[in-house]
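Note that the coordinates shown come from a computational prediction; the quantities given were computed from them, not determined experimentally.
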2 protein chains.
Amino acid sequence: MARTVKGPDARRERWKGHREQRRAEFVEATIAAVARKGPDVGMDDVAAEAGVSKPVLYRHFTDKSDLYLAVGQKATELLMDRMGPALVADGPIRGRIAGIVDAYLSVIEENPNLYKFVVKGSFVDRPVEKDLVAEDKNLIATTLARILGDYLRSFDMDSGGAEPWAHALVGMVQNAGDWWLDRQTMSRANLSDYLATLIWHAIDGLLRSAGIQADPGQPLTPLRLVD
Amino acid sequence: MARTVKGPDARRERWKGHREQRRAEFVEATIAAVARKGPDVGMDDVAAEAGVSKPVLYRHFTDKSDLYLAVGQKATELLMDRMGPALVADGPIRGRIAGIVDAYLSVIEENPNLYKFVVKGSFVDRPVEKDLVAEDKNLIATTLARILGDYLRSFDMDSGGAEPWAHALVGMVQNAGDWWLDRQTMSRANLSDYLATLIWHAIDGLLRSAGIQADPGQPLTPLRLVD
DNA sequence: AAGTAACCGTTACCTCAAGTAACACTTACC
DNA sequence: GGTAAGTGTTACTTGAGGTAACGGTTACTT
């Protein structure tokens, strides 16, 4: 097992994995502390939750906002792990829409506290430099814009509205999700279906207005001119 | 002008109007300070902007969050003054939608800094007890739900989805507005039209799916069974 | 075996902004 | 003249974020 080429100093590398693991551990502690004491916990609380005292925390995070970002990143992973597949899945357009919407709703349903914590962002005092929520929404909207643009172009339609529409759709699902999280007056499947219906009708209407009769069961890249 | 019935003590009443005016003055100062120094201004900055020192400010606002709420209330007024008429206006449905959307966009276009300040809420350190933004969104969504429900019922359709749809629409317009405020790549009229088109098509699709052929030029309470 | 680079962890401190105490002056009702 | 509201100030307290300074442990390096 002897290293043939000696690296700069093995002592520097020894902890690489450990540090990552420790950060993750503190992220978990933060989530736990928030669940226990509400979103306005202090660094002392987080440290206590992790069974450690404050300076230790500060060896792993430069800052309260650094810790917040780490938690946000964790949440982003949870979200993207679920949304990614739904976004790239192919198949009939109507079903894809429902799948994407439901993927999102399932994540916030399973992690409501984490979701609120990250989105409300009241954990950090000063405005944080990187707005993770905005970045996520942007990423999703950009992806949607591409899908939607492709879809429209497949009918030889103008895809100029794809970007604003994509952002509109993102906001739509998010806000409906927020409302639903607060007062859960219907099942998730029900809401997914309502939203997917709304979205499908909007898209269908766009096509109709261009004189195209689309079918919700059509695969994504449908009717592309075969010539 | 002598009072016949003597009130408890006129000295108590003497300032009633004055206090209101003073609060408004500090609200303005806050907006100015934010415009000048970014959203993370301190109370000292606000006081300085008003040409006064901190304790004076605290005679009129119990709290930083109290001041924030006052600014938010001011913003709500601006918004509702513009949206109220658009919401209650009657006329063809397609035009009403465009009017409502454009009313909203016009407000955020004219007060982008105030808008971001209130929505991001990074002025207050701890979570504030009253979420004005959520309340506004709720108010608008509730109104929309009523309008939409009435519209659907006028076709004898099930209006069960009206509430989630209303919240979805609110989020949709807000998020598209945020995107547009950031990178203004199109005119307001253009965006309004894109969004109104999307919304109209969604509604139209709902009606179609129930076998009803609607006309975007129809007045709001259309085709009610005349029998 | 000695040295050292990375971590473990602590208590006690610093800093900065929110918020308050205490004091002095002004106005106009009683 | 007394007093209830306001005007304003400087100087303080408080609390949470963040740091200094100290000592111990492990395991790589020489």
Side-chain angles (χ1 to χ4, degrees), chain A residues 1-26 29-30 33-34 37-69 122-129, chain B residues 1-3 5-26 29-30 33-34 37-69 122-128:
Chain A
M1 278 303 235
R3 287 194 321 296
T4 47
V5 189
K6 71 173 176 185
D9 188 336
R11 277 170 296 188
R12 206 182 308 160
E13 304 300 306
R14 216 182 61 192
W15 301 95
K16 276 284 160 64
H18 181 52
R19 285 193 62 88
E20 288 306 308
Q21 189 190 344
R22 209 74 209 287
R23 270 179 73 102
E25 184 185 323
F26 287 125
T30 307
V34 166
K37 309 194 54 174
D40 57 342
V41 287
M43 293 299 264
D44 286 301
D45 299 296
V46 172
E49 180 75 37
V52 121
S53 100
K54 216 169 29 169
V56 176
L57 201 49
Y58 278 98
R59 290 225 184 82
H60 296 273
F61 300 91
T62 69
D63 209 79
K64 199 181 193 185
S65 91
D66 187 25
L67 176 55
Y68 169 72
L69 286 177
S122 57
F123 180 61
V124 281
D125 35 1
R126 313 175 174 273
V128 68
E129 57 288 352
Chain B
M1 279 304 234
R3 284 192 324 298
V5 191
K6 71 174 177 186
D9 188 335
R11 276 171 295 188
R12 206 182 308 160
E13 304 299 304
R14 217 183 62 193
W15 301 94
K16 276 283 161 64
H18 181 51
R19 285 191 61 89
E20 287 306 307
Q21 188 189 345
R22 209 74 209 288
R23 269 179 74 100
E25 186 185 322
F26 286 126
T30 307
V34 166
K37 310 193 57 176
D40 58 343
V41 287
M43 293 300 263
D44 287 300
D45 300 295
V46 172
E49 181 75 38
V52 121
S53 101
K54 213 170 30 168
V56 177
L57 201 50
Y58 278 97
R59 291 226 185 79
H60 296 272
F61 300 91
T62 68
D63 214 73
K64 200 180 193 186
S65 91
D66 186 24
L67 175 56
Y68 168 72
L69 286 177
S122 57
F123 180 60
V124 280
D125 35 0
R126 312 174 175 275
V128 70

> Starting at CD of E25(B) and ending at C1' of dT7(D), how long is that distance when rounded to a whole Å?
Replying inline: 12 Å
>> One character per nucleotide, please: for nucleotides 11-16 of chain D, 5' to 3', B when the base has a protein heavy atom closer than 4.0 Å, S when only the sugar-phosphate does, - otherwise.
In response: -----S
> For the residue pair A33(A) and V41(A), what are the closest heavy atoms and their distance?
Replying inline: O-CG1, 3.6 Å
> How many Å lie between CG on D125(B) and C1' on dC16(C), as a whole number?
Replying inline: 12 Å
>> Just verifying a value: how many Å separate T62(B) OG1 and L69(B) CG, rounded to the nearest 0.5 Å?
In response: 9.0 Å
> Looking at the side chain of V56(A), which of dT10(D), dG18(D), dT10(C) is the nearest nucleotide?
Replying inline: dT10(C)
> For R22(A), which contact category applies under a 4.0 Å heavy-atom criterion: base, sugar-phosphate, or nothing?
Replying inline: sugar-phosphate
> Once you round it to whole Å, what is the distance between P of dT7(D) and CG of L57(B)?
Replying inline: 12 Å
> In whole angstroms, how far is the C1' atom of dT10(D) from the OH atom of Y58(B)?
Replying inline: 16 Å
> Taking only side-chain nitrogens and oxygens of S53(B), does any of them come within less than 4.0 Å of OP1 or OP2 of dT9(D)?
Replying inline: yes
> Within this structure, what is the NE2-to-C1' distance between H60(B) and dG6(D), rounded to whole angstrom?
Replying inline: 8 Å
> Which is it for D63(A) and R126(A) under the side chain to side chain contact (heavy atoms under 4.5 Å, CB included) test, yes or no, and what are the steps along the way?
Replying inline: CA-CA 11 Å; D63(A) 209 79; R126(A) 313 175 174 273; over 6 Å; no
>> How many whole angstroms separate atom CG of D45(A) from atom C1' of dG18(D)?
In response: 15 Å
> For dT30(D), what is the paired nucleotide under Watson-Crick or G-U wobble rules, both distances under 3.5 Å?
Replying inline: dA1(C)
>> Give me each pair satisfying salt bridge (charged side-chain N to carboxylate O under 4.0 Å, His left out) with a member in residues 37-48 of chain A, each pair once, sequence neighbours excluded.
In response: K37(A)-D45(A), D44(A)-K54(A)
> Rounded to the Å, how far apart are R19(B) CZ and dT7(D) P?
Replying inline: 7 Å
> Could you state the CG-C1' distance from D66(B) to dG19(C), rounded to the nearest angstrom?
Replying inline: 13 Å
>> With heavy-atom distances below 4.5 Å as the criterion, would you say the side chains of L67(A) and F123(A) are in contact?
In response: yes
> Can you tell if the side chain of K64(A) reaches within under 4.5 Å of the side chain of V46(A), non-hydrogen atoms only?
Replying inline: no
> Do the charged groups of D66(B) and R23(B) touch, with an N to O distance under 4.0 Å?
Replying inline: yes
> If you find the nucleotide of DNA chain D closest to R59(A) and the one closest to V41(A), which residue's nucleotide is nearer the 5' end?
Replying inline: V41(A)
